[in-house]
Amino acid sequence: MSIFYEWPHSAAFGRVIPKSRIYEHARAGARLKELFVREVDQIIWSHKLAPETINLPAANQVREIQVFQVKVRSLELDHDVLRAIDKAVPFPLLFELLHDDRIRMVAAYKRPNEADTARWVVGNYFEGDWQPSDAVRAPLPVVLNMGALYEQLLAPLVAARVHDAVGSTYGFGEAPQAHFTRDYEATIPLLARIAHADQVRRQLRKVEQIEMRLKREKQFNRRVAINAELRVAKQELQQLMAGRARPDEKNG
């Protein structure tokens, strides 16, 4: 699942960003510079979504949203590259990765540090699917301010994490995607949805680790015990999917 947006012409920026600028702001070491050289062809500051460009008022934590296009050399990109760009730009970012005739949307939830508002906290990255570069783009969501726009732009990527990780692997069918209904998105804050997606990811990893132990184990009695552990872990995963965000995290 992936949604691409028709960025308004009024927000077009179209400025190429030299890698050296990112190195400087991110204090890049040798490994990070090597990643940029090996994996990135070009970085373009594509669009600037701001009150003056899209006629939408700023919010406390989101005054502008920047869209960066990153032309990559392969279908895989180390998230440390994106994190370095995020560190260099003091605004929430949305990335469009471009490779040949394909495109992918990637973003992490980004917010000002509560102790030092000059610094930013960048969460884990959410990835959409690779799509043809001429994929149909949707209009921007209709919202009241920049903060709500940021949440709406991130929401499909958050939903995709759960759907892609669990749906095809453990036979949930459409359940993970259906889980993120409009009612759910309207009532559960984005941070709680992100926390829930991370819970599902951790539980899925736990299930996979138990499965690997089961494959390696040869003793019958221990296989029986591991199988029982695996059933419990899968049940907990199903409960997470059915239970949505836990009540104590809705204000996260």
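Given the structure is predicted, the values throughout are model-derived calculations rather than measurements.
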Atom pair [atom1]/[atom2] of [X] and [Y] - distance to nearest 0.5 Å:
X    : Y    : atom1 : atom2 : answer
K87  : R27  : NZ    : CZ    : 10.0 Å
L140 : L56  : CG    : CG    : 9.0 Å
I226 : Q219 : CD1   : CD    : 9.5 Å
R38  : L77  : CZ    : CG    : 10.5 Å

For [Y], does its backbone N or O pair with a side-chain atom of [X] as donor and acceptor, under 3.5 Å?
X    : Y    : result
Y125 : D80  : no
R83  : V122 : yes
T53  : A11  : no
Y150 : K110 : yes
R104 : F95  : no
R15  : S46  : no
K234 : E229 : no
D100 : R102 : no
R73  : V40  : yes
R63  : A58  : no

Evaluation steps, side chain to side chain contact (heavy atoms under 4.5 Å, CB included), between L49 and M146: CA-CA 8 Å; L49 308 179; M146 295 297 299; 4.1 Å; yes
Given side chains that start at C-beta, do those of E236 and L240 come closer than 4.5 Å, heavy atoms only?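 In short, these two side chains do not touch, never coming nearer than 4.5 Å.
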Evaluate the criterion side chain to side chain donor-acceptor pair (under 3.5 Å) for residue pair H47 and E96; output intermediate values, then yes/no. CA-CA 11 Å; H47 290 79; E96 291 184 342; over 6 Å; no
Would you kindly say whether H99 and E76 are connected by a side-chain donor-acceptor distance under 3.5 Å?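 There is no such pair (donor and acceptor under 3.5 Å, judged by atom type) between the side chains of H99 and E76.
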Could you check, using the six-membered ring where one of them is a Trp, whether Y23 and F36 have ring centers closer than 6.0 angstrom? yes
With a sphere of 6.0 Å drawn around CZ of R213, does it hold more than 12 non-hydrogen atoms of other residues, nucleotides or ligands? yes
